Chemist: 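Below is one structure. I have some questions about it.
Predicted model only: the values in this text are computed from it and were never measured. Any value given below was found using the heavy atoms of this structure, including those in side chains, with hydrogens, waters and symmetry copies removed.
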Amino acid sequence: MPWVILLIASLFEILWAIGLKSTEGFTRLWPTLGTIAALAISVGLLGIAAKSLPIGTAYAVWTGIGTVGTVICGMIFFGDPIAPARLLCLTLIVLGILGLKLT
């Protein structure tokens with residue numbers, strides 16, 4: 001169950017990171033409140049997962065999934081560049097996450 005909680009925390013990590021774009025520098029109320037809520041949920045769930053998982057592993061997986069998800073969302077929704085080198089780097093992050101999960 002801690003891994004499921006960590007996965008959900010990571011999804012909220014992606015939401016708040018993407019939400020930063022829509023806040024327009026925290027000048028828009030509702031996107032700002034949504035971003036702050038997603039951030040609070042993400043960190044709260046990370047804390048719950050970290051009760052049962054090693055903190056280094058939990059944090060690395062949380063940030064790794066958040067990073068990969070945010071980059072992919074940026075490519076899909078915001079026209080961020082899609083380059084072979086970027087995709088290779090994302091693959092390496094995913095391999096690192098899987099390695100931490102398996103060890």
Chemist: Enter the distance from S10:OG to I97:CD1 here, rounded to the nearest 0.5 Å.
Modeler: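 Those atoms lie 7.5 Å apart.
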
Chemist: Is there a path of hydrophobic side-chain contacts, each under 4.5 Å between heavy atoms of I/L/V/M/F/W/Y residues, joining L53 to I48?
Modeler: no

Chemist: Are L15 and L11 linked, directly or through other ILVMFWY residues, by side chains that come within less than 4.5 angstrom of each other?
Modeler: no

Chemist: Please tell me whether I5 and V43 are part of a single hydrophobic cluster in this structure, the criterion being side-chain heavy atoms less than 4.5 Å apart.
Modeler: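 Different clusters.
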
Chemist: Pair up each side-chain donor or acceptor in residues 29-36 with any protein partner under 3.5 Å, not counting sequence neighbours, and list the distances.
Modeler:
residue : atom : partner : partner atom : Å
T32     : OG1  : R28     : O            : 2.6
T35     : OG1  : G19     : O            : 3.3
T35     : OG1  : P31     : O            : 2.8

Chemist: Identify each donor-acceptor pair in which a side-chain atom of residues 65-93 lies under 3.5 Å from a protein atom, sequence neighbours left out, and give them as a table.
Modeler:
residue : atom : partner : partner atom : Å
T67     : OG1  : T63     : O            : 2.7
T70     : OG1  : G66     : O            : 2.6
R86     : NE   : P81     : O            : 2.9
T91     : OG1  : L87     : O            : 2.9

Chemist: Run W3 and V61 through side chain to side chain contact (heavy atoms under 4.5 Å, CB included) and show every step you take.
Modeler: CA-CA 10 Å; W3 286 104; V61 170; 4.1 Å; yes

Chemist: Taking all non-hydrogen atoms of both residues, which atom of A38 and which atom of F12 are closest, and how far apart?
Modeler: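 Between these two residues, the closest heavy atoms are O-CB, 3.7 Å.
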
Chemist: Look at the side chain of T57 and the backbone N and O of L100, then say whether any donor-acceptor pair between them is shorter than 3.5 Å.
Modeler: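 No.
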
Chemist: Find out if a path of hydrophobic residues (ILVMFWY) with successive side-chain heavy-atom gaps under 4.5 Å connects M1 to I8.
Modeler: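 Yes, it is one cluster - the side chains of M1 and I8 are joined through contacts under 4.5 Å.
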
Chemist: Say you draw a straight line from CD of E13 to CG of L7; how long is it, rounded to the nearest 0.5 Å?
Modeler: 12.5 Å

Chemist: Checking the side chain of S52 only, and the main-chain atoms of A49 only, is there a donor and an acceptor separated by less than 3.5 Å?
Modeler: no

Chemist: Filter on ring pair (Phe, Tyr, Trp, His ring centres under 6.0 Å), then keep only pairs touching residues 44-75, sequence neighbours left out; what's left?
Modeler: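 Qualifying pairs: Y59-W62.
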
Chemist: Tell me the closest heavy-atom pair linking A58 and L46, and the distance in Å.
Modeler: O-CD1, 3.9 Å

Chemist: With rounding to the nearest 0.5 Å, note down the distance linking CG in L95 to CG in L102.
Modeler: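 Rounded to the nearest 0.5 Å, the CG-CG separation comes to 10.5 Å.
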
